[in-house]
Colleague: 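Could you have a look at this structure, given as structure tokens, before my questions?
Throughout, protein chains are lettered first and strands after them, A, B, ... in sequence-line order, and every chain is numbered starting at 1.
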Protein chains: 2
Amino acid sequence: MTSLPSILGGLDPTSDRAVFRQIADQLREAIDRGRFKEGEKLPSEAELVEHYGVSRMTVRNSFSILQGEGLVHAEHGRGVFVRPRPPVRRLASDRFARRHREQGKSAFIVEADAAGSHPTVDSLEVKEEKAGQDVSTRLGSVRRVLARRRRYLLDGRPVEFATSYLPLDIARGTPIAEPNPGPGGIYARLEELGHQLDHFEEEIRARMPTPSEVKTLRLAPGVPVIHLIRTAFDTAGRAVEVCDTVMAADAYVLSYQLPAT
Amino acid sequence: MTSLPSILGGLDPTSDRAVFRQIADQLREAIDRGRFKEGEKLPSEAELVEHYGVSRMTVRNSFSILQGEGLVHAEHGRGVFVRPRPPVRRLASDRFARRHREQGKSAFIVEADAAGSHPTVDSLEVKEEKAGQDVSTRLGSVRRVLARRRRYLLDGRPVEFATSYLPLDIARGTPIAEPNPGPGGIYARLEELGHQLDHFEEEIRARMPTPSEVKTLRLAPGVPVIHLIRTAFDTAGRAVEVCDTVMAADAYVLSYQLPAT
DNA sequence: CATGCATACTCGTATAGACGAGTGGGCAAG
DNA sequence: CTTGCCCACTCGTCTATACGAGTATGCATG
């Protein structure tokens, strides 16, 4: 183990930059330079207190900055570690192409298998409920909807939480209202029911997670979520489904292909 | 002003939830319920110390949680305020359609004007430089590129920082290498130069900002960035431009339209 | 009336100390 | 050798205090 002073330097008392920021800066730089590698343990609070000659709260303050940036994570009783960048899942813009649907398996399963990961779907809930303001508007002023909630996991890690909303007059009494809608998912069923799909509209936001999202996605501090709202339109121009998806941002790259016409 | 106890309730000493989390929970809920409105000042640290009978650091700890969630922001000497949700800028997926280009103004200016905001572009830098690993790969192993850097502001607020990279054999000595490339932007110039555009590819990530991004975008704590990398392809299948964009996530909603074929 | 300063109130930074709780290694007892 | 406990080390939470610095308000002075 290399000695601390050789990695971390000292403080500049003349600087007007707060001490805890200077410490955070030095740790961040050391991480960026690879002096501390992914998954590696940073010096303990006590060691940094010793090295810099500051109080423990000041060191903790520095750590909390890095934690907020998603650079490190603390483990109670073990130490503070450089957060490994987890493998990412790519979502291609053609993931809902009919040709994929025709193969029967869901987009999530197919992609995960291809990437060599072990996909799971859990906490499936299917029920009728009152439509929220936003969903109601998007679906064209419907009052009640069928809601399909599910959570996706990759190698045991939750990465995505999604809810599909469908108008009752379309979904009630069909396979769509079943926990397992069958091969090709609900888009395949919609087309069988005569709702030929025309196009999708996707809205993307990024923000910090709510506490409840932190819980269901087991998010580390400093990890934002990608909030995607997709509306499916049939050839008659009617919105037949709204899918509200919250993804752990550190697990995803979205990819879109746009024509230049 | 309503009295604090009527809004905030007390602590549960039997709970194993940390005191500062309980306080954060109560404040968060009060904000969600609209007891504290956008832009409104929360009770001061001193008031909360009084109300809950805890030390100041504990209260500050609560605030720092809410700040990390992007719910509130502190102003030195003034107080802690509920962060207003700023007006968002929508990026439609047809924003690079040729018909828009033909009108001459840049997409950013047109959209901002339409939304009634006052758009600005600053810190324009145009220079030749060595291509980074990623850019080089995307452009097909070029070594040096023309880099065009600019920052976009809306009503004085920086919302986006973008860099375009173009292969030198395409851009050198053309209007693209000028600070102002002329009406329709560089895509119009590319087509005039014989590089008929075929399609774009966009990759989207979300993450917490680096300190340097916090600075140039003047980001509040708890605001993630959307990182968008767009590659433009001509009809010959060659990548003719890579545009690397970092956006303040609280200022944007991206919108894409996908065919269902 | 206008200016400017004093002052009270705000958050920012830092110290020092205390106890709790999770983790892991070593040692002693079986 | 295995089991189980103790202990050292780690981060988590909380208190109490101190001083600095930005903001706003009102009052005194000109």
Colleague: Is there a donor in the side chain of A:Tyr256 and an acceptor in the side chain of A:Glu202, or the other way round, less than 3.5 Å apart?
Modeller: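 There is such a pair (donor and acceptor under 3.5 Å, judged by atom type) between the side chains of A:Tyr256 and A:Glu202.
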
Colleague: Expressed as a whole number of angstroms, how long is the span from A:Phe63:CZ to D:dG12:P?
Modeller: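 Computing the A:Phe63:CZ to D:dG12:P distance gives 10 Å.
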
Colleague: Closest to the B:Arg60 side chain: C:dC11, D:dC14, D:dC11?
Modeller: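 Among C:dC11, D:dC14, D:dC11, the one nearest the side chain of B:Arg60 is C:dC11.
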
Colleague: Would you say a side-chain N or O of B:Arg21 is under 4.0 Å from OP1 or OP2 of D:dG12?
Modeller: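 For D:dG12, OP1/OP2 do not have a side-chain N/O of B:Arg21 under 4.0 Å.
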
Colleague: Could you tell me the separation between the CG atom of A:Asn61 and the P atom of C:dT13, rounded to a whole number of Å?
Modeller: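 About 7 Å, once rounded to whole Å.
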
Colleague: For the side chain of B:Val19, counting heavy atoms from C-beta on, which of D:dC14, C:dA14, C:dT10 is nearest?
Modeller: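 Among D:dC14, C:dA14, C:dT10, the one nearest the side chain of B:Val19 is D:dC14.
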
Colleague: Atom CD of A:Glu47 to atom C1' of D:dC11: distance rounded to whole Å?
Modeller: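 Checked: the CD to C1' distance equals 13 Å.
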
Colleague: Which whole-number value in Å describes the distance from A:Arg17 CZ to D:dG20 P?
Modeller: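 After rounding, the reported distance stands at 22 Å.
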
Colleague: Write down the distance between CD (B:Gln22) and P (D:dC14), rounded to a whole number of angstrom.
Modeller: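 To the nearest whole Å, that distance equals 8 Å.
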
Colleague: Using a strict threshold of under 4.0 Å (side-chain N to carboxylate O), is an ion pair present between A:Arg89 and A:Glu160?
Modeller: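 So A:Glu160 pairs with A:Arg89 through a salt bridge.
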
Colleague: Where the side chain of B:Thr58 is defined as all heavy atoms beyond and including C-beta, which of D:dA24, D:dT15, C:dT13 is the nearest nucleotide?
Modeller: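 Closest nucleotide among those given: D:dT15.
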
Colleague: If each of A:Gly77 and A:Val54 is mapped to the nucleotide of DNA chain C with the nearest heavy atom, which maps nearer the 5' terminus, i.e. the 5' end?
Modeller: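 The answer here is A:Val54.
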
Colleague: Would you mind reading off the distance between A:Gln67 atom CD and D:dC11 atom P, rounded to a whole angstrom?
Modeller: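 Computing the A:Gln67:CD to D:dC11:P distance gives 11 Å.
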
Colleague: Whether the B:Tyr165 and B:Glu129 side chains hold a donor-acceptor pair (N or O, under 3.5 Å, no angle test) is what I'd like checked.
Modeller: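 No, no side-chain donor-acceptor contact under 3.5 Å.
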
Colleague: Just checking, any donor-acceptor pair under 3.5 angstrom between side chains of A:Asp122 and A:Thr120?
Modeller: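 No, A:Thr120 and A:Asp122 have no side-chain donor paired with an acceptor closer than 3.5 Å.
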
Colleague: Does A:Arg78 put a side-chain nitrogen or oxygen below 4.0 Å from OP1 or OP2 of C:dG22?
Modeller: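 Looking at the OP1 and OP2 atoms of C:dG22, neither is under 4.0 Å from any side-chain N or O of A:Arg78.
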
Colleague: Can you tell me which nucleotide in D:dT13, C:dC11, D:dT10 comes closest to the side chain of B:Ser44?
Modeller: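 Output: C:dC11.
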
Colleague: Classify the side chain of A:Arg56 and the base of D:dG12 as holding, or not holding, a donor-acceptor pair under 3.5 Å.
Modeller: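 Looking at the base of D:dG12, it does pair with a donor or acceptor on the side chain of A:Arg56 (distance under 3.5 Å).
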
Colleague: Please state how far atom CE in B:Met57 lies from atom P in D:dA18, giving the value in whole angstrom units.
Modeller: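 Atom CE in B:Met57 sits about 16 Å away from atom P in D:dA18.
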
Colleague: Just compare C:dG22, D:dT23, C:dC11 and give me whichever is closest to any side-chain atom of B:Ala74.
Modeller: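 Nearest to the side-chain atoms of B:Ala74, counting from C-beta on, is C:dC11.
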
Colleague: From C:dT10, D:dC14, C:dT13, pick the nucleotide closest to the side chain of B:His76?
Modeller: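 Closest of the options to the side chain of B:His76: C:dT10.
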
Colleague: Output the rounded distance in Å from CD (B:Glu45) to P (D:dT17).
Modeller: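 About 17 Å, once rounded to whole Å.
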
Colleague: Any side-chain donor-acceptor pair under 3.5 Å between B:Arg149 and B:Ser164?
Modeller: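 Side chains of B:Arg149 and B:Ser164: no pair found under 3.5 Å.
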
